[in-house]
Each structure stands twice: as C-alpha cells, then as structure tokens.
Number of protein chains: 4
Amino acid sequence: MPQGDSRTDSDTCPGGRVCRRHAAGEDPAKRDQILQGAMKEFLEKGFDGASMNEICRAAGVSKGTLYVYFEDKLDLFVALVAREREAIFAGFDALLKGDLPLEDKLTRFGQRLASTICTDHVIQWQRTIAGIVDRMPELGARFYEAAAQRTHDDLNALLRRERAAGRLDVPDPERASAQFIELTVAGIWRARLFGKRRTDPEPDEIEASVASAVQVFMAAYGRTSG
Amino acid sequence: MPQGDSRTDSDTCPGGRVCRRHAAGEDPAKRDQILQGAMKEFLEKGFDGASMNEICRAAGVSKGTLYVYFEDKLDLFVALVAREREAIFAGFDALLKGDLPLEDKLTRFGQRLASTICTDHVIQWQRTIAGIVDRMPELGARFYEAAAQRTHDDLNALLRRERAAGRLDVPDPERASAQFIELTVAGIWRARLFGKRRTDPEPDEIEASVASAVQVFMAAYGRTSG
Amino acid sequence: MPQGDSRTDSDTCPGGRVCRRHAAGEDPAKRDQILQGAMKEFLEKGFDGASMNEICRAAGVSKGTLYVYFEDKLDLFVALVAREREAIFAGFDALLKGDLPLEDKLTRFGQRLASTICTDHVIQWQRTIAGIVDRMPELGARFYEAAAQRTHDDLNALLRRERAAGRLDVPDPERASAQFIELTVAGIWRARLFGKRRTDPEPDEIEASVASAVQVFMAAYGRTSG
Amino acid sequence: MPQGDSRTDSDTCPGGRVCRRHAAGEDPAKRDQILQGAMKEFLEKGFDGASMNEICRAAGVSKGTLYVYFEDKLDLFVALVAREREAIFAGFDALLKGDLPLEDKLTRFGQRLASTICTDHVIQWQRTIAGIVDRMPELGARFYEAAAQRTHDDLNALLRRERAAGRLDVPDPERASAQFIELTVAGIWRARLFGKRRTDPEPDEIEASVASAVQVFMAAYGRTSG
DNA sequence: AATGAATGAGTGTTCATTCAT
DNA sequence: CATGAATGAACACTCATTCAT
C-alpha cells in the first residue's frame with residue numbers, strides 16, 4: 001500500500017510545531033508572498049517538477065528565508081494546498097440557505113459550483129492534487145473533503161429537508177446529492193481535467209448544463225412526477 | 001499557454017521512425033517487459049517523480065537496453081500511455097449493440113464502464129495523466145478521447161437511434177450521454193480519484209449506482225414520462 | 001560546414017549576462033581556483049576528454065559550486081581560453097618599441113616570441129585549441145588573433161616604418177612579418193606541437209635559431225644587400 | 001609526464017598480433033570501408049568526441065564487425081593515422097630529384113608541399129593529431145616524422161649536395177631546410193590550423209608565397225649573394 | 001531575520017565494448 | 001564471419017537543503 005509522508009496527515013507542522021515556529025514573530029505577509037510564488041510553480045510543474053530555486057525566484061525571496069517559513073518542499077506544498085483548499089470552496093455554505101423555491105436554489109448552487117470547479121485555476125489544482133494522491137493520499141482526501149463537505153453534505157441536508165416537507169421523492173438523498181453535482185458539470189469537467197478542453201466554459205454553457213441538470217434531477221425526484 | 005512537447009502529439013516516434021527503429025528486430029517481449037516496469041514506476045511516482053534507474057531495476061533491464069527501445073523518458077511514457085489507453089478501453093464498442101431493451105443495454109454498459117474506471121489501476125492512470133496534463137495537453141486529450149470515443153460517442157449514437165424510434169424523448173443526446181456516464185459513477189469516481197476512497201468499489205455498489213443512474217435517466221428522458 | 005556553438009562567438013555569457021550573473025557577489029578567487037583546476041584537466045585531456053567531475057576534484061570545489069560560476073562545460077572552457085589567451089600574449093606590444101637598431105629589435109622580439117610559443121604550457125594550449133577548432137572555429141580564430149595582433153601586426157608596422165626610413169627594401173611587409181615569425185621557430189615549433197620534441201628548447205637553441213632568422217631576414221630585405 | 005598508451009608506440013597490434021589476426025582471412029576492402037567511415041568521424045569530432053556507433057553507421061558496418069577488424073577505438077585510430085600519414089605524404093621523394101636548376105626544384109617542391117599541408121583535409125588531420133598528442137605522444141611524433149622524413153630530410157640532402165657543388169653557401173643545411181619549409185607557408189598555415197582562415201588557399205597565393213620563399217632563401221644562402 | 005554560495009547525491013542520457021544468435 | 005541487443009560505468013548537469021556571513 002502506498003504510504004504518504006506522515007506530514008501530509010496534518011496541515012500543521014510535525015509535532016504541532018506550527019505554534020512554536022510560526023509564533024516566533026515571522027511576517028505573515030512574507031509567508032503569503034512565498035505561497036504565492038510557490039503556487040505558480042507547483043501548478044505549472046506539479047510537486048516533483050517544481051523547483052525550490054524557481055519558487056524562490058518567483059516569490060522574490062532567498063532560499064534561506066523560504067526555509068525559515070517552511071520546513072521543506074513538502075511542508076510548503078501542504079501549507080499551500082491547505083490555504084487554497086479553503087479559499088476555493090469558501091462561501092458555498094450560504095448558497096443553499098434562504099427562502100427560494102427548490103429549483104432556484106439548485107440552479108444558483110449548481111451554477112456557482114460548476115463555474116468554480118471548471119475554472120482554469122481550480123482545474124490546475126485538481127490536476128496537481130490528483131497527480132500526487134498516490135504518494136500523499138491524505139492530502140488528496142482532505143482536498144476532496146473540503147469540496148464535499150461544503151457541497152455534497154449541504155446539498156444532502158437540503159434534500160432531506162425537502163423530502164421531509166414532502167416536496168421531493170428521493171429514496172437516497174446521499175446518492176441524489178452526488179448525482180446532482182455530477183449532472184451540473186456533465187461533459188465539461190472531465191474534458192477540462194484531462195485537457196481536452198483548454199479554456200474556461202462560457203457562462204451560457206454553464207447555465208445550459210445546470211438547467212438541464214435541474215430538469216433531470218426534478219424529473220427523477222420531483223414529487224409531481226411521481 | 002501550456003505547450004506540450006511535440007512528441008506528445010503523436011504516439012509514434014518523430015518522423016514515423018517507429019518503423020525503422022522498432023522494426024530492426026528488437027524483441028517485442030523485452031519491450032513489453034520494459035513497459036511493465038515503467039508502468040509500476042510511473043503510476044506510483046508520476047512522470048517527474050519516476051526515475052529511469054528505478055524503471056530499469058523494476059523491468060530487469062540495463063540502462064543501455066532501455067535506451068535502445070525508447071528514445072528518452074518522454075518517449076517511454078508516451079508509448080506506455082498509448083498502450084494502456086487502448087488496453088483499458090478495449091471492448092466497449094460491443095456493449096451497446098445487440099437486441100436488448102434499452103434499459104438493459106444501459107445497465108450492462110454502465111456497469112462495465114463504472115467498474116472499469118473506478119478500478120485501482122485505471123484510477124492510478126487517471127491521476128498520473130491528470131498530473132501531467134498541464135505540460136502535455138495533447139497526451140491528456142488523447143487519453144480522454146480514447147475513453148470518450150468508445151463510451152460517450154457510442155452511447156450518443158444509441159440515444160439518437162432510440163429517439164428516432166420514438167422510444168426516447170431526449171432533446172440533446174450529446175448532453176444526455178454525458179449525463180448518463182456521470183450518473184453511473186456519481187459519488188464514487190471523484191472520491192476515488194482524490195484518494196478519499198482507497199479501495200475498489202464492491203460489485204454491489206456499482207450495481208446499485210448504475211441501477212439508480214438508469215432510473216434517473218429513464219425518468220428524465222423515457223417516453224412514458226414525457 | 002563546421003558550425004561552432006554560438007557561445008564561442010563571444011567571451012561573455014549569452015546576452016551579456018556576465019555582469020548580472022557574475023557581479024552578484026561571487027568570489028573571484030574561487031572563480032580562479034576553478035579555472036586553475038579546469039586548465040589542468042583541459043590541457044591534459046582536451047575539451048571532450050576532460051571530465052567535469054575531475055575538474056571539480058582538481059579545483060577542490062563541488063559540482064554545484066562550479067555550476068554557479070559557469071553555465072556549462074563550454075562556458076567554462078571559453079572563459080578559460082579567454083583568460084589564458086590574454087595572459088600568454090601580454091606584453092608583446094612593448095618589444096618593438098624604443099631606439100635600438102633594427103636587428104637588435106628583431107632579435108629581442110624574436111627571442112621572446114620563440115621562447116614563449118615553444119614553452120610546454122603554450123604548446124599544450126595550442127594543441128588543445130587546435131583539437132577543437134573544427135567544432136569551435138571562432139574560438140580558434142580568436143586565439144590566433146590574440147597572438148597575431150600582438151606580434152605579426154606590430155612587426156608589420158615596424159617594417160613599414162623601416163622601409164619608409166629607407167633602411168629596408170621590403171616589397172610586402174605583411175608577408176615579411178609572417179616570414180620572420182616563422183623563421184624564428186623554424187624546425188622547433190612544429191616538432192614541439194606534434195610531440196616530436198617533448199621538452200622546452202634550451203635558451204641557446206632559441207638564440208641560435210633567432211640569430212639565423214635575423215640573418216636570413218636581413219639578407220633578404222636589408223638595404224645594403226639590395 | 002604524460003604517457004601515451006603503449007599501443008601508440010607501434011602501428012601494429014600489440015605483440016605483433018597483426019599477422020595472426022589479420023592474416024585470418026579478413027576482407028581488406030571491408031577494412032578500408034571501416035577506416036573511411038572512421039576518418040569522417042575522427043576528423044570532425046576528434047578522438048574523444050568520435051563515437052564508435054557513429055563510425056559504424058558511417059562505415060555501414062555493424063559493431064561486431066568493426067571489433068573483428070580493430071581491437072578497440074585506439075587501435076582503429078592508430079591504424080587510420082598510419083594509413084593517412086602515408087597517403088598524404090606519398091610522392092614527395094621524387095620532387096627534389098632530376099636535373100632542374102635549384103630554384104626550379106625548390107619552387108616545384110615548395111608549391112607541392114605548401115598546397116598539400118594547407119588543404120582542408122590535411123589541416124583537419126593536423127588538428128586532430130595535435131589535439132591528442134598530449135596523451136599519445138608517439139602517434140604525433142610519427143605523424144610529424146612522416147612529413148619530416150619526406151620533406152625536411154630530402155631537402156636537407158639536396159642542400160648538402162648543392163653546397164658541395166659550390167652553388168650554395170649554407171652553413172647549417174639542417175636549419176636551412178626547416179627555414180625554407182616554414183617560409184613556403186608563412187602567414188598561411190598557422191592561420192589555417194587555428195581556423196582563422198577556413199578555406200583552402202588559392203593556387204595564386206601558394207605560388208606567390210613560394211616564390212617569395214625561394215627569393216628569401218636564395219638571398220640568404222645563394223652563392224652569388226655571398 | 002535574511003542571504004545566496006556551497007554541497008554532493010541525484011537526474012536522464014551516452015559510451016565503448018561484449019556476446020548470444 | 002557478421003550482427004546488433006545488452007551491459008553498466010561514466011557523462012554533464014540539477015536538486016533540495018544547509019550554513020557561514
């Protein structure tokens with residue numbers, strides 16, 4: 001079984017040293033500057049292909065400085081993934097709340113989700129993460145969870161509520177959530193991931209795809225069609 | 001713009017040299033042996049992480065021998081991807097032919113597809129390819145196409161036939177094909193890709209997932225529900 | 001047609017990067033130390049025969065350090081040749097100036113020239129350069145020029161002056177300069193170059209050879225003999 | 001002191017094996033074919049830069065075959081140099097014989113010599129040999145001797161005869177021979193060797209250079225000028 | 001705290017040479 | 001006798017990391 005580096009099991013430095021090391025009075029702005037430079041390099045070249053030298057250059061920092069803020073290449077990568085993971089999937093929670101009719105909620109949520117995960121930047125992250133999962137399974141899993149917990153799970157909860165309210169006839173909300181998510185990007189996301197399509201989808205296309213997803217979903221699980 | 005190495009644009013050696021170089025009387029068994037060793041290494045470590053030394057060791061071949069059969073690391077990788085791409089997606093064409101009722105066809109096809117692309121081996125390939133797409137876009141695109149052309153396209157044709165026969169009410173067969181495919185692995189494949197789930201799904205799970213996919217699909221596009 | 005690497009066309013790094021890269025605060029002493037080690041290796045083995053590993057060992061520097069100071073093997077070689085070229089032929093300019101009678105000037109100049117270019121060290125350089133001229137024609141030409149411009153040309157000017165003063169009857173000073181130079185090392189230099197003679201010529205021999213050269217030259221071009 | 005491989009001390013295989021090995025019934029035509037291919041490669045790349053693979057390709061022979069005819073790279077090189085050495089300097093002996101007046105003899109000889117050793121092909125050989133002399137001193141010495149013995153020595157003998165006949169006033173015929181030879185290519189050969197001039201000299205130039213050489217020589221050593 | 005010169009093990013690749021066919 | 005696949009040591013060069021300043 002492939003065994004990822006133990007450090008990937010945690011976003012913090014080994015032994016919880018985060019506190020000690022980073023409390024020492026380091027400059028969070030410089031830290032961000034380094035992460036920014038590292039992102040460019042990691043996204044373009046992948047974990048193995050990225051060069052610490054290049055990261056220093058891109059970040060405008062010296063080698064020594066970089067190694068003050070991050071233990072090693074892996075530590076830097078893990079920190080970067082943690083930061084981006086949160087940034088990308090921030091704000092999804094709110095989308096399924098409020099008073100709108102179910103179909104509107106689904107549409108709003110689906111559009112935001114689809115457009116987000118098909119963005120060049122996010123696609124690059126997904127490729128980068130996928131490429132390293134074999135050796136850092138935890139890191140990939142947490143990346144996935146960050147998305148799932150803010151989409152799949154929220155959606156799941158919504159569906160249960162709608163079922164309870166008698167507005168949906170959905171035997172397995174868990175599965176239905178997953179199905180809806182896949183439907184929103186059907187035919188787009190996978191082509192993007194594998195480079196078959198190299199540009200961000202136009203808003204029209206997202207809209208059409210999500211509209212169809214909602215239609216299919218409601219045809220399958222809507223109460224009136226039962 | 002990402003610029004793939006030109007060699008990734010073609011599975012053959014540059015200038016069609018394949019014939020001259022590989023017809024020379026090289027041992028196809030040894031070639032396979034090398035590819036086998038290379039596969040282990042590339043799948044575990046990715047393109048950049050893989051070491052030619054390690055590949056030689058894994059294949060039980062000397063460095064010099066390897067370089068008789070393959071020009072360089074990239075050539076080896078491209079050849080390997082080409083081989084696997086064909087091997088993985090062989091035989092999908094037949095699944096949508098024959099006299100079975102539509103739902104049975106979809107089920108048979110969906111089960112084969114879902115179980116194939118969620119297999120550990122295929123998942124590893126997808127991760128490896130995804131990880132290198134940024135620098136070898138053509139290679140990723142061709143990998144995607146190999147799958148698409150044997151699944152999506154075949155399915156697409158089937159749906160058109162069914163629509164023509166009045167048995168389906170599908171406004172956009174293209175999209176519907178993609179939707180069905182995503183439905184079959186909803187909630188499974190993506191979790192597998194990102195390492196959230198580390199074992200092959202049980203046949204039951206595949207069956208249930210595909211059954212639900214067929215149900216949703218027919219609910220959305222079946223004639224009786226129109 | 002032989003095609004020299006473009007870098008050999010210039011002593012500086014490509015794009016005049018010399019300044020940026022080498023001004024960065026690198027240690028000139030270490031640079032010299034590397035050049036010293038490289039010289040030993042290049043002179044003994046030639047450009048192709050020299051090993052960067054061996055150069056590092058000889059210079060007492062690590063591989064990485066060497067590659068901080070020099071881009072690659074060629075860059076190192078070119079820099080070394082440039083340095084030596086200047087060092088070997090420094091100070092020749094002065095020898096033909098002053099108030100001495102022509103024959104004394106020729107003698108002084110001839111002795112210095114002959115003893116210089118028959119020295120083991122210079123002979124080794126000439127062999128090394130000659131051996132690589134086919135692939136780096138510019139480098140050889142510049143090495144030759146460094147010698148020519150400081151010997152041939154200066155001598156040429158002197159002869160013109162002497163002719164103008166009516167003290168020489170030399171129809172083609174250009175040719176006469178070349179002839180005098182060849183006469184000073186006649187029978188010695190070529191034998192040294194090809195290893196027929198393996199030790200530096202004794203001062204007596206140089207003196208005799210130059211004396212004869214002056215005699216022949218004056219017999220041919222001196223006014224009294226006209 | 002650099003010590004050349006002992007094999008360079010002799011043109012024959014070590015231990016005089018030449019006879020046994022080459023008597024075995026090998027094809028002299030194939031041997032020549034190999035030497036021809038090897039020449040191209042050695043002249044272009046030098047001894048170290050030359051690749052046995054490339055030589056095989058250029059010669060149209062397999063590796064195995066090559067190693068039947070020649071022990072190793074060095075053996076091949078030595079044999080090649082021996083062959084060329086003889087070929088280049090063949091026929092010089094005759095040039096100083098016959099009834100012509102001295103100056104005509106010198107001119108005829110000088111022209112043939114000058115045009116020969118300034119030829120592209122011979123210049124390439126001289127460079128190649130010079131480049132390897134440090135590690136194979138014997139080989140260089142023999143190359144030099146082949147030229148010297150057929151030029152310098154013959155000329156030397158002629159000068160002695162002429163002196164004896166009272167037609168020359170040459171105190172040191174040995175030196176005078178060397179001087180004449182250098183005079184014939186003054187300003188040309190060295191520039192060719194170091195790549196300062198990249199094309200064969202025109203016949204006019206050779207003629208003028210030799211004419212001047214004869215003039216200078218006769219002015220210095222001719223009886224009438226005594 | 002910050003630098004960037006220094007390290008040496010590591011990389012992918014080529015080599016002269018051997019030997020089973 | 002001829003072949004060219006096979007070898008593995010050597011090649012030029014890069015890397016993540018350290019540490020004197």
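Since the model is a prediction, treat every value here as computed from it, not as a measurement. Proteins come first, then strands; the chains are lettered A, B, ... in the order of their sequence lines, and each starts at number 1.
Residues A:L74 and A:M136 meet the side-chain proximity criterion, which asks for heavy atoms closer than 4.5 Å. Within the 4.5 Å cutoff, no side-chain heavy atoms of B:F42 are placed close to those of B:V81. Residues D:W125 and D:M39 have side chains in contact (heavy-atom distance under 4.5 Å, counting atoms from C-beta outward).
Atom-to-atom, CG of C:L66 to P of F:dC11 comes out at 14 Å; the value is rounded to the nearest Å. Put simply, CG on D:L74 is 18 Å from P on E:dC15, counting in whole angstrom units. Straight-line distance from the CG atom of B:D75 to the P atom of E:dT14: 12 Å, rounded to whole Å. Distance CG (C:D72) to C1' (E:dT11): 17 Å, rounded to an integer number of Å. One can place CD of C:E41 at 13 Å from C1' of F:dA10, the figure rounded to the nearest angstrom. Separating the OH atom of D:Y69 from the C1' atom of F:dA2 is a distance of 9 Å, rounded to the nearest angstrom. Distance B:F70 CZ to F:dA5 P: 13 Å, rounded to the nearest Å.
Between D:D134 and C:E44 the shortest heavy-atom distance is CB-O, 4.0 Å. The minimum heavy-atom distance between C:F47 and C:K73, with the atom names listed, is O-NZ, 2.8 Å. Considering all non-hydrogen atoms of both residues, D:L80 and D:L35 come closest at CD1-O, 3.5 Å.
At least one side-chain nitrogen or oxygen of A:T65 sits closer than 4.0 Å to the OP1 or OP2 atom of E:dT3. A:S62 has a side-chain polar atom (N or O) that falls below the 4.0 Å cut-off from OP1 or OP2 of E:dT3.
A search for side chain to side chain contact (heavy atoms under 4.5 Å, CB included) contacts involving D:E54 returns D:E41, D:K45, D:S51, D:R57, not counting sequence neighbours. In terms of the salt bridge (charged side-chain N to carboxylate O under 4.0 Å, His left out) criterion, A:K30 has no residue partners (sequence neighbours excluded). For the side chain to side chain donor-acceptor pair (under 3.5 Å) test, no residue two or more places apart in sequence or in another chain qualifies with A:Q33.
Of the N and O atoms on the side chains of B:R31 and B:Q36, not one donor lies less than 3.5 Å from an acceptor on the other residue.
Two residues, C:G60 and D:K73, neighbour DNA chain E, and the one matched to the more 5' nucleotide by heavy-atom proximity is C:G60.
Contacts between residues 44-57 of chain B and DNA chain F, defined by a heavy-atom separation under 4.0 Å, are absent.
Between D:D48 and D:R135, at least one side-chain N (NZ, or NE/NH1/NH2) sits under 4.0 Å from a carboxylate O, which counts as a salt bridge.
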Shorter than 3.5 Å, N or O on both sides, protein versus nucleotides 18-21 of chain F: list them out with atom names.
none

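One end of the helix from E:dA2-F:dT21 to E:dT21-F:dA2 points its axis 0° away from the other end's axis, with each axis taken from 5 pairs and the angle rounded to 10°.
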